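Both ligands and their constituent atoms are indexed starting at 1 by order of listing. Only heavy atoms go into these numbers, but all of them, side chains included; no hydrogens, no water, no symmetry mates. No experiment lies behind these values; they were computed from the predicted model shown.
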Amino acid sequence: MPSDDNSPMVTDFLVIGSGLAGLSFALEAARHGRVTVLTKRRPEVANTAWAQGGIAAVWDEEDSLEAHVADTIEAGANLAGEELVRDILREGPEAVERLIEWGVRFTREGEPGTDEEGEEGEEHGPLAAHEQADYHLTREGGHSTRRILHAGDMTGAEIQRALLAAVDQHPRITLLDHHIAIDLVTKRKVLRHLAKRRLGLYGPEVEKRYGPGGPEGWMPNTEDRCYGAYGLDTTSGQVHRFLAGVTLLATGGAGKLYRYTSNPDVATGDGMAMAYRAGAVLENMEFVQFHPTCLYDASAKSFLVSEAVRGEGGILRLPDGTPFMDAVHPMGSLAPRDIVAREIDAQIKRRGLEHVLLDVSDKDDEFVRARFPGIHKTLMKYGHDMTAGPIPVVPAAHYFCGGVQVDTSGRTLIEGLLAAGEVTCTGLHGANRLASNSLLEACVTARRCARVAPDLLAAARLEGQPDVPKWDSGEARDSDELVVINHTWDEIRRLMWDYVGIVRTDRRLERALSRIDLIREEIRTYYWDSTISADLIELRNLVTVAEVVIRSALGRRESRGLHYNLDCPETDDANWRRNTLLRREW
Ligand code: SIN
């Protein structure tokens with residue numbers, strides 16, 4: 001039975017999530033105080049580690065910031081503001097240099113796989129970060145030029161390795177694995193608890209009677225403040241209070257909301273759901289990106305075939321070998337992702353296909369093997385040789401362009417609560433993310449969060465340590481019904497795939513919403529009656545995010561980027577060139 005410990009765990013900076021955003025913030029923030037990182041499985045299990053393609057940044061002299069800005073806005077279907085995009089992308093090269101300083105080894109020119117002739121690469125010693133021209137740049141959909149730094153075809157795994165090694169050696173960073181955050185601790189939550197204790201009233205009744213500040217003097221009638229989070233140690237079953245001056249959400253996305261996804265099992269929208277429950281705004285949640293090319297093979301779970309394969313010349317074909325993207329977009333198979341995924345979906349539905357084909361077999365075999373060693377090896381495991389012939393692919397949920405609304409320094413509406421990475425919406429991606437801009441955004445915004453964090457910490461210190469109640473498990477009983485959780489989880493994922501996928505209609509969205517409303521109520525009851533567990537926490541988060549995605553999709557009365565609704569198929573710049581904002585009603 002989970003129980004609360006007696007004393008809270010106090011730190012300066014609490015980081016929830018151990019991907020690129022969380023770890024790079026931790027390394028920067030540790031210069032100003034103690035950092036505690038919570039991660040819900042092993043620390044290397046993060047979306048970052050699964051990133052294949054790379055990190056986009058203006059690195060080559062032939063490239064320019066303006067070209068990167070233009071590609072980002074165009075891929076994003078003209079939703080992103082130019083100034084904001086420029087502001088974030090400008091810091092890309094500097095953020096990459098920082099990664100190199102932390103030990104990330106990007107592929108250099110001359111190394112295997114960088115030359116189609118398949119020449120052997122020379123050995124390199126450590127390079128100074130400014131020796132920019134030496135890195136090999138690849139290309140992906142929507143980019144007008146080669147501007148993506150990569151580490152073979154396992155860029156994310158290399159970043160994760162280097163950052164974890166740096167964190168491991170840092171004396172001021174404590175990393176707690178197998179700790180899943182349950183909910184944020186906010187001033188409002190503390191007030192509700194007080195109200196219950198002193199007045200015998202539940203929070204909403206107090207707020208109705210006294211307003212959001214409670215009885216006079218209880219709480220200033222201003223925006224809320226975050227004090228940290230409740231977290232479950234899934235090994236011991238104990239719930240702890242983690243109190244911090246500054247809390248950073250870096251929990252990644254919510255690909256597991258969909259039946260087919262390129263994401264690891266941890267992508268359950270935890271940060272989005274926690275922030276929403278705490279009163280933060282979720283922005284642009286209708287824009288869910290489907291990656292066009294995941295392996296179609298019943299025995300392979302979630303295997304992505306990087307867009308870099310198309311960047312190096314791979315062509316999308318119908319099963320009879322006909323290429324089909326050239327008729328759709330001037331960039332052909334390298335068109336922006338929303339366009340490619342939608343066209344594959346349309347071809348599959350129109351022709352009753354199971355999949356389409358991705359063909360890189362006309363490239364030199366040695367080059368393909370050296371450039372894509374991880375992909376080639378995994379495909380071979382499933383019996384597909386990409387050097388010998390085309391491989392079967394289908395789209396799958398890949399990335400959330402929406403998330404917790406933040407400014408360009410990662411500040412949310414809640415004082416002391418920052419967020420960075422896929423959990424957020426800075427606005428950079430607009431209605432469709434440009435390939436490999438996500439690692440860049442995570443890195444830049446985490447650095448910016450670390451710049452504002454010391455001032456937030458100082459403000460929190462002035463306020464003093466709050467009296468945060470222990471976790472109250474009430475009448476909860478151990479649940480012996482894991483089957484309920486598994487069943488509900490499957491139901492949500494199937495429903496989202498069928499009704500809230502690549503192509504939407506009003507009727508499907510409405511049907512999805514009424515079903516999700518019922519499921520949410522079922523989970524709510526189950527949640528409060530059952531002993532807390534990681535499965536239950538994730539399920540509750542998934543249903544929260546599902547609801548917000550559906551409501552956001554219903555709200556946008558046009559089609560743009562990743563949101564395509566047959567009942568309003570046109571883009572309506574006059575009325576809808578704006579972001580969707582959703583905040584929980586109290
Ligand atoms: C890929 O390698 O295709 C994924 C890169 C990305 O999602 O940006």
Side-chain angles (χ1 to χ4, degrees), residues 19-21 46-57 68 71-72 75-76 88-89 92 95-96 106-107 113 136-143 146-160 252-255 258 260-264 267 287-295 302-314 316 325 331 333-341 344 358 360 368 371-376 378-379 386 391 393-401 403 421-422 428-430 432-444 561-562:
L20 168 57
N47 246 348
T48 295
W50 282 37
Q52 294 178 355
I55 180 163
H68 194 180
D71 290 349
T72 299
I88 294 177
L89 298 185
V96 169
F106 290 110
T107 299
H136 180 257
L137 302 174
T138 191
R139 193 175 168 197
E140 291 182 61
H143 288 273
R146 288 182 173 263
R147 65 162 71 91
I148 298 165
L149 289 103
H150 63 101
D153 61 354
M154 289 172 278
T155 310
E158 168 59 11
I159 291 177
Q160 193 78 20
Y258 285 88
Y260 302 109
T261 176
S262 63
N263 292 184
F287 298 121
V288 180
Q289 186 168 70
F290 290 78
H291 195 290
T293 58
C294 285
L295 176 65
S302 323
F303 186 65
L304 181 79
V305 182
S306 175
E307 199 158 282
V309 173
R310 278 172 289 135
E312 299 295 350
L316 286 164
M325 279 308 298
M331 293 176 94
S333 293
L334 258 193
R337 228 170 244 187
D338 54 335
I339 295 167
V340 181
I344 296 177
L358 175 59
V360 74
V368 171
R371 174 66 186 85
F372 302 110
I375 296 173
H376 181 260
T378 305
L379 288 177
M386 70 197 289
I391 50 168
V393 290
V394 283
H398 182 59
Y399 187 87
F400 271 67
C401 295
E422 188 176 348
L428 173 73
H429 308 309
N432 172 50
R433 177 178 63 92
L434 180 67
S436 289
N437 263 357
S438 44
L439 292 180
L440 165 75
E441 185 199 42
C443 209
V444 169
L562 298 160

Legend entry - Min N/O separation Asn437 to ligand 1 under 3.5 Å: no

Inset, instruction - Could you tell me whether the side chain of His398 reaches within less than 4.5 Å of the side chain of Pro292, counting heavy atoms only? - result: no

Legend entry - Protein heavy-atom partner closest to atom 2 (O) of ligand 1 - residue, atom, separation in Å: Ser306 OG, 2.6 Å

Inset, instruction - Return the orientation label for the Phe400 and Tyr258 ring planes: parallel under 30°, perpendicular over 60°, tilted otherwise. - result: tilted

Inset, instruction - Taking the side chain as every heavy atom from C-beta outward, state whether His429 and Glu441 have any atom pair closer than 4.5 Å. - result: yes

Inset, instruction - Please confirm whether Arg433 comes under 4.0 Å of ligand 1, counting heavy atoms of the residue only. - result: yes

Legend entry - Shortest heavy-atom approach to atom 5 (C) of ligand 1 - which of Glu307, Gln52, His291, Arg337: Arg337

Legend entry - Atom indices of ligand 1 within 4.0 angstrom of Ser436 heavy atoms, with elements: 6 (C), 8 (O)

Legend entry - Interatomic spacing from CG in Asn47 to OG in Ser262 - rounded to 0.5 Å: 7.0 Å

Inset, instruction - Give the numbers and elements of all ligand 1 atoms closer than 4.0 Å to a heavy atom of His398. - result: 4 (C), 6 (C), 7 (O)

Inset, instruction - To the nearest 0.5 angstrom, please state how far the NE2 atom of His143 sits from the CD atom of Glu307. - result: 7.5 Å

Legend entry - Proximal atoms of ligand 1 relative to Gly53 (non-hydrogen, under 4.0 Å): 1 (C), 2 (O)

Inset, instruction - Give, for atom OG of Ser306 and atom CG of Asp153, the distance between the pair rounded to the nearest 0.5 Å. - result: 7.5 Å

Legend entry - Val305 N/O under 3.5 Å from ligand 1 N/O: no

Legend entry - Student check: side-chain heavy atoms of Cys294 and Leu304 closer than 4.5 Å: yes

Legend entry - Per-atom contacts, ligand 1 versus Ala435 - under 4.0 Å to a heavy atom: 8 (O)

